[in-house]
Amino acid sequence: IVATGFGVDRALAQEAPARPALIQSEGIVAQEEGTTYQYKAGGVQFTVPEGWRDEKQANGSILVGPTDGDLVVIVWAPDEQDINRAAKTVDAVLGKFVSGVEVEQVEDIKESNGMRTLCVSGSGTASQKDCEFSAQFVQGTRLVVFLAVADAEALAQHEDALAELDDSIT
């Protein structure tokens, strides 16, 4: 992933299926601190790690990531609430920017912070660089996807902040 801020990443987020309800006042609510988001329609909330930026997109997705732009997490609630169909949507989004997508790990469905989650991870090539991705499907009142894409070095560099983001999803 090219370190150009959210340039390439913004294009990737624009491919996420639109969820207009998420950008209405009752959809995404920035907390007073400006770091915690609530997806009322999805029934989840998460906190953006300190030092990361966040950007709401016109299609309802949210981009979060470190300011160096080497890693992006795209958050959205797909229209498809069946996990298999939602996974196909994630695959289609990745396929537009990541070539040679290979799924390397599919974790068992588990419970995290009281919600069922499934994580799928793998690798491919983006901007002529090897990259890795992780798609976490979180079942709140609706299914919400957290799709992280970066090269291995950026993932290692931001591993603690990614774990903080993951732990904050409730």
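Values in this document were obtained by computation on a predicted structure and should not be read as measured data. The residues of the chain are indexed from 1 along the displayed sequence.
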Do the side chain of Arg142 and the main chain of Pro78 share a donor and acceptor less than 3.5 angstrom apart?
yes

Using modelled atom types only, decide if a donor and an acceptor are shared between the side chain of Thr141 and the backbone of Gly42 within a distance under 3.5 Å.
yes

Hits for side chain to side chain contact (heavy atoms under 4.5 Å, CB included) against Asn84, two or more places apart or cross-chain, chain-then-number order -> Asp82

Which atom pairs, donor and acceptor, lie under 3.5 Å between side-chain atoms of residues 107-115 and protein residues at least two apart or in another chain?
residue: Asn113; atom: ND2; partner: Asp167; partner atom: O; Å: 3.1
residue: Asn113; atom: ND2; partner: Ile169; partner atom: O; Å: 2.6

Evaluate side chain to side chain contact (heavy atoms under 4.5 Å, CB included) for Lys88 paired with Glu80, printing each intermediate quantity in order.
CA-CA 9 Å; Lys88 287 180 183 179; Glu80 304 84 358; over 6 Å; no

Evaluate the side chain to side chain contact (heavy atoms under 4.5 Å, CB included) criterion for residues Leu118 and Val106: first the C-alpha distance (whole Å), next the side-chain angles of each, then the deciding distance (0.1 Å), finally the verdict.
CA-CA 8 Å; Leu118 172 70; Val106 178; 4.1 Å; yes

Set out, in order, the CA-CA distance, both residues' side-chain angles and the distance that settles side chain to side chain contact (heavy atoms under 4.5 Å, CB included) for Val144 and Val75, then state yes or no.
CA-CA 7 Å; Val144 178; Val75 183; 3.9 Å; yes

Interatomic spacing from CG in Leu143 to CZ in Arg85 - rounded to 0.5 Å:
13.0 Å

Quick check for you: to the nearest 0.5 Å, what is the distance between His158 atom NE2 and Glu153 atom CD?
9.0 Å

Aromatic contact, Phe46 with Phe146 (centres under 6.0 Å):
yes

Intermediate values then yes/no, side chain to side chain donor-acceptor pair (under 3.5 Å), Gln136 and Asp166:
CA-CA 9 Å; Gln136 183 171 358; Asp166 185 47; 3.0 Å; yes

To the closest 0.5 Å, what do you measure between CG (Leu162) and CG (Leu71)?
5.0 Å

Value for CD (Gln157) from CG (Asp70), rounded to nearest 0.5 Å, stands at 7.0 Å

Ignoring hydrogens, what is the shortest heavy-atom contact between Ile74 and Ser61? Give both atom names and the distance.
CG2-CB, 4.1 Å

Between Trp76 and Leu147, is a side chain to side chain contact (heavy atoms under 4.5 Å, CB included) present by the stated rule, with each step listed?
CA-CA 9 Å; Trp76 83 94; Leu147 175 62; 4.0 Å; yes

Who pairs with Ala161 by side chain to side chain contact (heavy atoms under 4.5 Å, CB included), at least two apart in sequence or on another chain?
Pro49, Trp52

Holding to side-chain hydrogen bond (donor to acceptor under 3.5 Å, both in side chains), I want the full list of residues that pass it with Ser134, two or more places apart in sequence or in another chain.
none

If you measure from CD on Gln57 to CG on Leu63, what distance do you get to the nearest 0.5 Å?
4.0 Å

Side chain proximity check, Leu165 to Val73, heavy atoms < 4.5 angstrom:
yes

A side-chain contact here means heavy atoms from C-beta on lying under 4.5 Å apart; do Leu94 and Phe133 qualify?
yes

Quick one: side chains of residues 97-105, donor-acceptor pairs under 3.5 Å with protein atoms, not counting sequence neighbours, listed by atom name and distance.
residue: Ser99; atom: OG; partner: Thr125; partner atom: O; Å: 3.4
residue: Glu104; atom: OE2; partner: Ser123; partner atom: OG; Å: 2.4

Quick one: pull up CD1 in Ile83 and CZ in Arg116 and give me the separation to the nearest 0.5 Å.
8.0 Å

Val90 and Ala135 have their tightest heavy-atom pair at CG1-CB, 4.0 Å

Apply side-chain hydrogen bond (donor to acceptor under 3.5 Å, both in side chains) to Glu132 and list each qualifying residue two or more places apart in sequence or on a separate chain.
none

